[in-house]
Number of protein chains: 2
Amino acid sequence: MRIGELATRTGVSVRSLRYYEEQGLLASVRSSSGQRHYTDQEVERVTFIQRLYAAGLSSRTIAALLPCVDAPSKENSDAALERMALERERLSQHITDLLQTRDSLDAMIAGARRHRERV
Amino acid sequence: MRIGELATRTGVSVRSLRYYEEQGLLASVRSSSGQRHYTDQEVERVTFIQRLYAAGLSSRTIAALLPCVDAPSKENSDAALERMALERERLSQHITDLLQTRDSLDAMIAGARRHRERV
DNA sequence: CTAAAACCTCACATGGATGTCAGAGGCAAG
DNA sequence: CTTGCCTCTGACATCCATGTGAGGTTTTAG
């Protein structure tokens, strides 16, 4: 498929897909005229990239991890393993924070509700 | 206390504190010479603001919610309640996504570990 | 064959929170 | 009083993912 279809399938803008390629996160096969072509596999990969972005990882970090997903090997696994564990920890901490924040929000909401009914 | 102390106590830069004030998130009492002064209360408030930032809320949104924390009233509670519920929902969704991402990361890590031991 | 739609590259713009610098004034300790 | 640190405002810089537009080629549909 071409880039437009990948974009609509993943919900990611064409611009972003090109950016991912520029950052080394996403590969494409070029037709003789220079147009990018992708396989169905890439749909999954793009959503995975999006997920990592949502987890707060930067392009650089994602670029460092992806090779390990693609082809786990001695060279990359050692360094990447550590990095993944690190990011996993950061993510866990972040989730904990967010849960706490949600509790705070809930308390705020409950407070507002109480106030409203009292009046 | 003055701004420097608030900064070190909260771990937030002086620059950011001034920015919060500019955005209407944080108030200060000015001395005759124009220096900002804060009470201990503000320490808590700053960390709360940080928490909301970490939850992905923007300054605008935070500014819209905070009045409701400060002084719940008929005027603000009605609109803010809805907004809070909305943000609460967004946050919940985000947490769900992150949990999924963490699972993916765990799978990646497990894969790398397996590979390493196999070799 | 032609027109519309999709694609290409390059480059500049945007937004949001923060960093940083300059120039000036404030305040406490020696 | 002076020295050194803190603070003030204002402005410009930065990072990063994305948007946007120009100018040009390719593909597709009629």
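A, B, ... follow the sequence lines: proteins, then strands. Residue 1 opens every chain. Computed from a predicted model, the values in this text were never measured in an experiment.
- The residues B:E5 and B:R2 are annotated as not salt-bridged, no charged nitrogen and carboxylate oxygen being separated by less than 4.0 angstrom.
- Rounding to the nearest 0.5 Å places CG of A:L105 at 10.5 Å from CZ of B:R51.
- Atom NE2 of A:H94 and atom CD1 of B:I95 lie 9.0 Å apart (nearest 0.5 Å).
- Per the geometry, CZ belonging to A:R60 stands 12 Å off P belonging to D:dC15, to the nearest Å.
- Between the side chains of B:S59 and B:Y53, at least one donor N or O lies within less than 3.5 Å of an accepting N or O.
- In this structure a side-chain-to-backbone donor-acceptor pair under 3.5 Å is missing from B:R102 to A:A55.
- No more than 12 heavy atoms of other residues, nucleotides or ligands shown are found within 6.0 angstrom of CZ on B:R113.
- Between A:S59 and the phosphate of D:dC16, there is no side-chain N or O to OP1/OP2 separation shorter than 4.0 Å.
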Report the C-alpha distance between B:E21 and B:R30 in whole Å, list the side-chain angles of each, state the deciding distance to 0.1 Å, and finish with yes or no for salt bridge (Lys or Arg N to Asp or Glu O under 4.0 Å). CA-CA 12 Å; B:E21 178 167 324; B:R30 299 300 188 101; 3.0 Å; yes

Under 3.5 Å, N/O pairs linking protein and nucleotides 28-30 of chain D:
none

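- Helix-axis bend for the helix from C:dC1-D:dG30 to C:dG30-D:dC1: the local axis fitted to the five terminal pairs at one end deviates from that at the other end by 10°, rounded to 10°.
- Looking only at atom types and distance, the side chain of B:Q50 has no donor-acceptor partner in the side chain of B:T47 under 3.5 Å away.
- Within residues 12-40 of chain A, the residues having any heavy atom closer than 4.0 Å to DNA chain D are, in order of number, A:S13, A:R15, A:S16, A:Y19, A:Y20, A:S33, A:Q35.
- The residue among B:I3 and A:S58 whose nearest nucleotide of DNA chain D is located toward the 5' end is B:I3.
- A single hydrophobic cluster is not seen to contain both B:M108 and A:L86; linkage of ILVMFWY side chains at heavy-atom distances under 4.5 Å, directly or through other members, places them apart.
- A straight line from CG of A:L57 to C1' of D:dC16 spans 14 Å, rounded to a whole angstrom.
- No hydrogens or angles considered: nothing links the side chains of B:E89 and B:S92 as a donor-acceptor pair under 3.5 Å.
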